[in-house]
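Just below is one structure, and these are the notes that go with it.
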Amino acid sequence: MSDTATDTAADATPQLVPINAIFADDFVEVLAPVLSTDTIAEVAEKVAHHSEGKRVRKQDKPKVVYHDDRILPMEITVVEAGIGPLDHVRVDYQD
């Protein structure tokens, strides 16, 4: 097997990526476990799970994820977004 094929197979294996995250106006930052293969939409839901309906009122609006001061496309993965272990993300409701 070539190195390229090995690298591609390793990239496809889901890896745990613990991230620091805060949701909307919550005052609690959480260490959220996500997978490298999770989409940003899945990350938004995993982060929201810790706050939405608990300390933050649930709203019927789409969510957005911010990383390095940019809004991430919801269909890309954690790896494609360049999110690494212990990086900070903010999840909020779209205006």
Minimal non-hydrogen separation, [X] against [Y], with atom names:
X	Y	value
Thr77	Glu80	N-OE1, 2.8 Å
Ile19	Gly84	CG2-O, 4.0 Å
Ala81	Ile40	CB-CD1, 4.0 Å
Val34	Val78	CG2-CG2, 4.2 Å
Met74	Ala44	CE-CB, 4.0 Å
Lys46	Asp38	NZ-OD2, 2.6 Å

*Who are the salt bridge (Lys or Arg N to Asp or Glu O under 4.0 Å) partners of Lys63, not counting sequence neighbours?*
Glu45, Glu52
For the [atom1] atom of [X] and the [atom2] atom of [Y], what is their distance to the nearest 0.5 Å?
X	Y	atom1	atom2	result
Glu29	Phe23	CD	CZ	14.5 Å
Asp92	Ile71	CG	CD1	9.5 Å
Glu42	Thr37	CD	OG1	7.5 Å
Ile83	Asp68	CD1	CG	8.5 Å

*State, yes or no, whether a side-chain contact exists between Pro85 and Pro18 at a heavy-atom distance under 4.5 Å.*
yes
*asked:* Do His88 and Ile22 have side chains that approach each other closer than 4.5 Å (heavy atoms only, starting at C-beta)?
replied: yes
_Using modelled atom types and a 3.5 Å cut-off, is there a donor and acceptor pairing between side-chain atoms of Tyr66 and backbone atoms of Val91?_
no
*Which one of Asp87, Leu31, Val89 satisfies the side-chain contact (heavy atoms from CB on, under 4.5 Å) criterion with Asn20?*
Leu31
